[in-house]
Amino acid sequence: MLSFLLKKDVRKILKRKDSDVGEKGRALEDLRATLFNEFRSSEGAKRQQQRLCRPAVALSFNFVVAVSIIFTNKLVLKNVGFHFPIFLTFIHYVVSWVLMAIMNVFSILPASPPSKSSRLTSLLTLGIVMSLSTGLANVSLKYNSVGFYQMSKIAVTPSIVLAEFIFFGKRVSFLKVLALTVVSIGVAVATVTDMQFDFFGACIALAWIVPSAVNKILWSRLQQQENWTALALMWKTTPITLVFLVLLIPWLDPPGALSFAWTFNNTVAILMSAFLGFLLQWSGALALGATSAITHVVLGQFKTCVILLGNYYIFSSNPGRTSISGAFAAIGGMSLYTYLNLQNQKQQTSKATSRQASLPKSKLKRENGSTQDGNSGPDAV
C-alpha cells in the first residue's frame, strides 16, 4: 500500500513537471513569435523604427550628417581633386549597398513588405529619381558655390506643395504658406552674398529641382502609407539607383576617372564621404518617414542659416548685415511653420481620440489595428 502511494505521488510530480515544461515551452514559443514579429516582419520593423526614431531624433540626425557631408563633398571635389561627381555618387551607393548587404547577412536588415505590382512601379520610380536627385546635386555642388547650392533648394518647396496638391489633393493652410514664404525669402537674402555659379551649373541646379521634389514625396509616402522602413526601402532601391548612375556617368562626368591618383589620403577622404553618404540617405529616409517632404525641405533651409550664423559667430566671418537679417527672418518663419505643424498634430490626435471613444469596442479594436502605425491623414502636411 505504501509503495502504491509513493508511485502515485511520483506520477503526480512527474505530470506536474511535464506540465511546467509544457508551459515554459509554450512561453518560449510565444516569446520567439513576438521577437520574430518585432524584428523580422515589416509591421514589427516599422513599429520599432517609429518607437526608437521620433521626429526630433530623425531630424537632428539628418541635420548633423547633412552639414557634415556638404563640406566633405566640397573638400573631395575641390581640394582632393576628384572632379567626378556622378562617379562619387556611385561610390556612395556602392558603399551603402555593401553595408546593407552585411546587415542582411547577419539578419539585422528589417524585412520588406510583400511585393505588389503598384509598389514595384513606385520602387522603380524612386530608384530612378534617387540617381537623378543625388547625382545632379553633387554636379551642382561641383560647379556652384555652397550658397547657390543651398539657394536652389528654395524652389523645391513650392514644387513639393504643387505636386502633392495635383497628385494627392493635399492642401496647405494660408498661415503655412506665409511661413514657407518667409523662410524662402529669408534664405534667399541670407545666401545672396555667396552666389558663385556658371551657366552649366545653373542649368544643372534647375534640372535637379523636380527629381529632388519627387524623391522626397515618394520616400515620405511609401513609409507613411505602407509598412516600409528606411533601411528596407534603401535595400530595395539602391540596385536600381546604381544602374542609372552608371548610365549618367558618360553624360555628366569628365573623362579620366580611372586614372585618378588613389593615394591613401585621397582614398580615405572619398571613403569618409561615402560613409557619410550612407548616413545621409538613412537619416533622410528616417526624417521623411517620421515627418513630411515639406518639413524635410524646411530642415534643409534651417541648415543653411545655421551654417551661415555659425561662420559669423564662431569663425568671425562677415557675410554682412543683410545676410544675417535674412537668416534670422528664415529661422522665424521656420519657427512659425513648426508651431503650426504641432498645433495641427494636436488637433488630429484629439479628433482621433474622440472618434475612438465614441466607437463600440469591436469597431475600436478594428480601428486600432488599422491605424497602429500612427500615420497622419492624407491632408496633413
Side-chain angles (χ1 to χ4, degrees), residues 62 65-66 68-78 80-100 123-146 148-153 155-156 159-160 197-219 233-234 236-258 260 269-285 288 293 296-297 300:
N62 183 242
V65 176
S68 302
I69 198 172
I70 287 175
F71 290 109
T72 304
N73 282 355
K74 198 69 177 178
L75 173 70
V76 170
L77 294 170
K78 292 292 184 181
V80 174
F82 193 78
H83 304 299
F84 314 101
I86 303 296
F87 190 36
L88 178 63
T89 308
F90 178 80
I91 295 174
H92 284 191
Y93 280 96
V94 168
V95 171
S96 297
W97 188 85
V98 170
L99 291 174
M100 288 185 289
L123 292 178
L124 179 62
T125 305
L126 181 57
I128 295 173
V129 297
M130 279 173 62
S131 63
L132 292 173
S133 174
T134 313
L136 293 178
N138 282 337
V139 175
S140 175
L141 194 59
K142 174 187 175 182
Y143 289 97
N144 304 314
S145 63
V146 174
F148 185 83
Y149 170 78
Q150 294 287 351
M151 186 175 176
S152 62
K153 292 183 178 181
V156 177
S159 300
I160 292 175
F197 65 96
D198 58 17
F199 179 74
F200 180 75
C203 292
I204 292 295
L206 290 175
W208 166 79
I209 292 171
V210 173
S212 178
V214 175
N215 183 36
K216 294 180 185 300
I217 292 171
L218 286 177
W219 271 105
L233 199 52
M234 288 167 60
K236 290 294 184 180
T237 55
T238 297
I240 304 172
T241 303
L242 287 172
V243 171
F244 280 89
L245 284 173
V246 170
L247 298 177
L248 287 176
I249 287 175
W251 295 94
L252 295 175
D253 269 359
L258 298 180
F260 177 74
I270 292 172
L271 289 179
M272 179 61 70
S273 172
F275 180 69
L276 288 174
F278 166 70
L279 293 181
L280 178 67
Q281 186 186 1
W282 184 26
S283 63
L288 286 167
H296 190 251
V297 175

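In this text, all values refer to a predicted model and were calculated from it rather than measured experimentally.
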Between Leu247 and Phe244, is there a side-chain heavy-atom distance shorter than 4.5 Å?
yes

Check this for me: Leu258, atom CG, are more than 12 non-hydrogen atoms of other residues, nucleotides or ligands nearer than 6.0 Å?
no

Would you please test Val246 and Leu242 for side chain to side chain contact (heavy atoms under 4.5 Å, CB included) and show each step?
CA-CA 6 Å; Val246 170; Leu242 287 172; 5.7 Å; no

Output side-chain donor-acceptor pairs under 3.5 Å for residues 212-219, partner residues at least two apart or in another chain, one line each.
from	atom 1	to	atom 2	distance (Å)
Asn215	OD1	Trp219	NE1	2.9
Lys216	NZ	His296	ND1	2.9

Closest heavy-atom pair and its distance - Leu280, Ile69:
CD2-CG2, 3.7 Å

Residues two or more places apart in sequence or in another chain: which of them pass side-chain contact (heavy atoms from CB on, under 4.5 Å) with Leu99?
Val95, Phe275, Phe278

Can you check side chain to side chain contact (heavy atoms under 4.5 Å, CB included) on Leu126 and Thr241, steps first, answer last?
CA-CA 8 Å; Leu126 181 57; Thr241 303; over 6 Å; no

What are the two closest heavy atoms between Pro211 and Ala207, and how far apart are they?
CD-O, 3.1 Å

side-chain contact (heavy atoms from CB on, under 4.5 Å) partners of Leu75, counting only residues at least two apart
Asn79

After noting the C-alpha distance and the side-chain angles of Trp282 and Leu279, does the key distance pass the side chain to side chain contact (heavy atoms under 4.5 Å, CB included) rule?
CA-CA 5 Å; Trp282 184 26; Leu279 293 181; 4.3 Å; yes

Are Leu136 and Leu252 side-chain neighbours, meaning at least one heavy-atom pair lies under 4.5 Å?
yes

With sequence neighbours left out, what residues match Ser140 under side-chain contact (heavy atoms from CB on, under 4.5 Å)?
Asn144, Tyr149, Ile204, Ala205

Not counting sequence neighbours, which residues clear side-chain hydrogen bond (donor to acceptor under 3.5 Å, both in side chains) with Ser273? List them please.
Asn73, His92

Taking every heavy atom of Met130 against every heavy atom of Thr237, the minimum-distance pair comes out as SD-OG1, 3.6 Å

Side chain to side chain contact (heavy atoms under 4.5 Å, CB included) between Ile91 and Phe82, intermediate numbers included:
CA-CA 12 Å; Ile91 295 174; Phe82 193 78; 4.1 Å; yes

Interatomic distance, CD1@Ile270 vs CZ@Phe260, rounded to 0.5 Å, equals 4.5 Å

Provide the closest heavy-atom pair for Ile209 versus Ser159 in the form atom of the first, atom of the second, distance.
CG2-OG, 3.4 Å

Paired with Pro85, the side-chain contact (heavy atoms from CB on, under 4.5 Å) test is passed by just one of Ile249, Leu248, Asn138, Leu141, namely Asn138

Could you grab the distance from atom OG1 of Thr238 to atom CG of Leu233, nearest 0.5 Å is fine?
9.0 Å

Taking all non-hydrogen atoms of both residues into account, name the closest pair between Leu123 and Ile240 and its distance.
O-CD1, 3.7 Å

Test your reading of the model: is there a side-chain donor-acceptor pair from Thr134 to the backbone of Ser131, 3.5 Å cut-off?
no

Looking only at heavy atoms, which two atoms of Tyr143 and Gly201 are closest? And how far apart?
CB-CA, 3.8 Å

Can you list the residues that meet the side-chain contact (heavy atoms from CB on, under 4.5 Å) rule with Ala257, with sequence neighbours excluded?
Phe84, Phe87

